[in-house]
Chemist: 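Okay, handing you the structure first.
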Amino acid sequence: MSRPQPLSGFPELLPRQRIVEQQVVDHLRRAFELHGFANLQTRAVEPMDQLLRKGETSKEVYVLRRLQADVEGSDSGLGLHFDLTVPFARYVLENAGKLNFPFRRYQIQPCWRGERPQEGRYREFMQADIDIVDLGELPAHYEVEVALVIADALKDLPLPKMTMHVNNRKLSQGFYQGLGIRDTDEALRIIDKLDKIGPDAVTKLLVEEVDATVEQAEACLKLAAITAADTSFVDEVHALGVTNPLLEEGLTELAAVVDAAAKVAPGFVVADMKIARGLDYYTGTVYETVMEGYESLGSVCSGGRYDKLASDGKNTYPGVGLSIGVSRILVPLLNSGALNATREVPTCVLVALANEDERTTANVLAQRLRKRGIPTQVSPSAAKFGKQIKFADKRGIPFVLFANEEGTQIKDIRSGDQTTIDIDAWNPPAEDLHPTIVTAE
RNA sequence: GUGGUCGUAGUUCAGUUGGUAGAACGCCUCGUUGUGGUCGAGGAGGUCGCGGGUUCAACCCCCGUCGAUCACCCCA
């Protein structure tokens, strides 16, 4: 092998693709900050007991080990974080005394999971996460708010249509309790597989694993089939004839989320009673988001309410949050060419060079443009002008600047138009100042 | 981690019953002695993923290995 091969599950982007990713991340950052979320950055590693608590032993965590450590004592007890919620919960406990509650933060960082990769599923990937935690009690309106923040953040991005499916664990678990099913956690996990394995297999599993009767299993399937873009699901659930206080609590909370979302972001949120979520730290509202045309990727933005994830025994910090799978969304779109940038460099203007002696003069001209925020670079050499234009063209740089004793001229190399300008007054069209994202037809 | 498919120029791919490789696009030079894109002419670039085996001879057949990809699992 003369050339290194790519590493499975560790996607790396080309400059043009990275520009798209940067623009998306910048957009998310601005959106989150508009909603008052503070940024946080946590370390890459967490103690293994933090990562593996809550019984998530099946999770493939990358463990840290010192190369020179002797084999016996090689375990550092540290692992790379697999999401941003668990590190955040740890951070909140560690810094509880210095934080003001309710505390809202966003975090955009890579995460690592040692699973076998495939499209939209990587071993190193970027997540954009928002959470709100409070001390002791977390008001239910935050479960509405985080969904609306995500709706707002995704709204103006050039991405396929997103739909957020929302459920409430209290609703499902209350329903199962009302039916008389004991192991409601396991029942949830089985229902979560409905899309994948179908109703017959789910019935079979419910009967075998949680000792449900066929009638109980059928009631569970009827509940899972309910979906609505408005609060009409409440009556549909009641029509199934199950009564339980937890169920009512869940119905009320879910209705509030759906109702508020319908007003602010119509069509974005739908109530969907088959959403369960694999992670068992969720205790209330749960969210999953699918991207139109890319349903096989699964959820591209998920989360939920967790009441007991952050607890030091004395105080609990219940929270609710959502994570956007930035890599999961972007890498497939970039690889298929559905998304691209208008150019592969930030440069807006290339200053042409008539001969090498003029480089100093050219540097001064470039600096005058940069001073006014126009990304500029000077030609790498005083090659023929045709070559210098080609240099710009290959990179997508829209403008080439020519200067001599007679004056300064700017050429738009896309149209070929060349005009005399005042270098201290000229501005490119707003859409040309920085690269932008373009979508394929 | 379990199973299926696939690895040939920078890229997308051809390659005949086994006789040591080709196209298109891209790239470079020139036509075009200082304004690119079109056109024309020329050129560079490959230990055929890696290692072993069979054979007079392997890109081709066999084994192993590494990588990619899909499904399961899990999930962003």
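So that the names make sense, note that chain A is the first sequence line, chain B the second, and so on, each numbered from 1.
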Chemist: Have a look at A:G386 and say if it touches a base, only the backbone sugar-phosphate, or nothing, with a 4.0 Å heavy-atom cut-off.
Modeler: sugar-phosphate
Chemist: Pick the P atom in B:rG37 and in B:rC30, then give their distance to the nearest Å.
Modeler: 13 Å
Chemist: Between A:D412 and A:Q127, name the one whose nearest nucleotide on RNA chain B is closer to the 5' end.
Modeler: A:D412
Chemist: Can you tell me, in whole Å, how much space there is between the C1' of B:rG46 and that of B:rA14?
Modeler: 15 Å
Chemist: Where the side chain of A:K390 is defined as all heavy atoms beyond and including C-beta, which of B:rU35, B:rC28, B:rA71 is the nearest nucleotide?
Modeler: B:rC28
Chemist: I'd like the C1' distance from B:rG49 over to B:rC60, given in whole Å.
Modeler: 16 Å
Chemist: Could you check A:D131, A:D129, A:T289 and say which one makes a side-chain hydrogen bond (donor to acceptor under 3.5 Å, both in side chains) with A:S323?
Modeler: A:D129
Chemist: Between A:K387 and B:rC28, is there a side-chain N or O to OP1/OP2 distance below 4.0 Å?
Modeler: no
Chemist: Taking the C1' atom in each of B:rG19 and B:rG15, what is the distance between them to the nearest angstrom?
Modeler: 14 Å
Chemist: Examine B:rC28: is either OP1 or OP2 under 4.0 Å from a nitrogen or oxygen in the side chain of A:K394? Give yes or no.
Modeler: yes
Chemist: Grab the OH-P distance between A:Y281 and B:rA76 for me, whole Å please.
Modeler: 7 Å
Chemist: Quick one: A:F399 CZ to B:rG36 C1', roughly how many Å, whole number?
Modeler: 16 Å
Chemist: Under 4.0 Å between any heavy atoms, over every strand shown, what does A:A352 touch: base, sugar-phosphate, or nothing? Just pick one.
Modeler: nothing
Chemist: State whether the distance check finds a donor on one side and an acceptor on the other, under 3.5 Å, for side chain A:R113 versus base B:rC74.
Modeler: no
Chemist: Under 4.0 angstrom, heavy atoms only, what part of the nucleic acid is A:C301 near: base, sugar-phosphate, or nothing?
Modeler: sugar-phosphate
Chemist: Do A:E119 side-chain and B:rU69 base share a donor-acceptor contact under 3.5 Å?
Modeler: no
Chemist: Determine the Euclidean distance between corresponding P atoms of B:rC28 and B:rU8; express it in Å to zero decimal places.
Modeler: 25 Å
Chemist: To the nearest Å, give me how far apart CZ (A:F391) and C1' (B:rC27) are.
Modeler: 16 Å
Chemist: Measure from the side-chain heavy atoms of A:I389 and tell me the nearest of B:rG36, B:rA76, B:rC72.
Modeler: B:rG36
Chemist: Only pairs with both distances under 3.5 Å count, Watson-Crick or wobble alike; so what is the partner of B:rG22 in this structure?
Modeler: B:rC13
Chemist: Taking the C1' atom of each, how far is B:rG51 from B:rG7, in whole Å?
Modeler: 15 Å
Chemist: Measure from the side chain of A:Q118, starting at C-beta and using heavy atoms only, and say which of B:rA76, B:rG36, B:rA71 lies closest.
Modeler: B:rA71
Chemist: Nearest heavy atom decides the nucleotide; on that basis, is A:M126 or A:D393 closer to the 5' end of RNA chain B?
Modeler: A:D393
Chemist: Quantified in whole Å, what is the C1' atom distance between nucleotide B:rU17 and nucleotide B:rC25?
Modeler: 33 Å
Chemist: Does A:R113 use its side chain to pair, donor to acceptor, with the backbone of A:F82 at less than 3.5 Å?
Modeler: yes
Chemist: Check the angle between the aromatic planes of A:F101 and A:F103 and answer parallel, tilted or perpendicular using the 30° and 60° thresholds.
Modeler: perpendicular
Chemist: Report the relative orientation of the aromatic rings in A:Y281 and A:Y306; use parallel for angles under 30°, tilted for 30 to 60°, perpendicular for over 60°.
Modeler: perpendicular
Chemist: Is there a side-chain contact between A:E431 and A:T342, using heavy atoms and a 4.5 Å cut-off?
Modeler: no
Chemist: Can you tell me the distance, in whole Å, between the CD atom of A:E115 and the P atom of B:rC75?
Modeler: 8 Å
Chemist: Using atom C1' of each nucleotide, how far apart are B:rC74 and B:rG18 to the nearest Å?
Modeler: 46 Å
Chemist: Report yes if at least one side-chain N or O of A:K384 is closer than 4.0 Å to OP1 or OP2 of B:rU33; otherwise report no.
Modeler: yes
Chemist: Do you know which two heavy atoms are closest between A:R372 and A:W426, and how far apart they sit?
Modeler: NH2-O, 2.6 Å
Chemist: Between B:rU35, B:rC74, B:rC75, which nucleotide has the shortest distance from any of its atoms to the side chain of A:F385?
Modeler: B:rU35
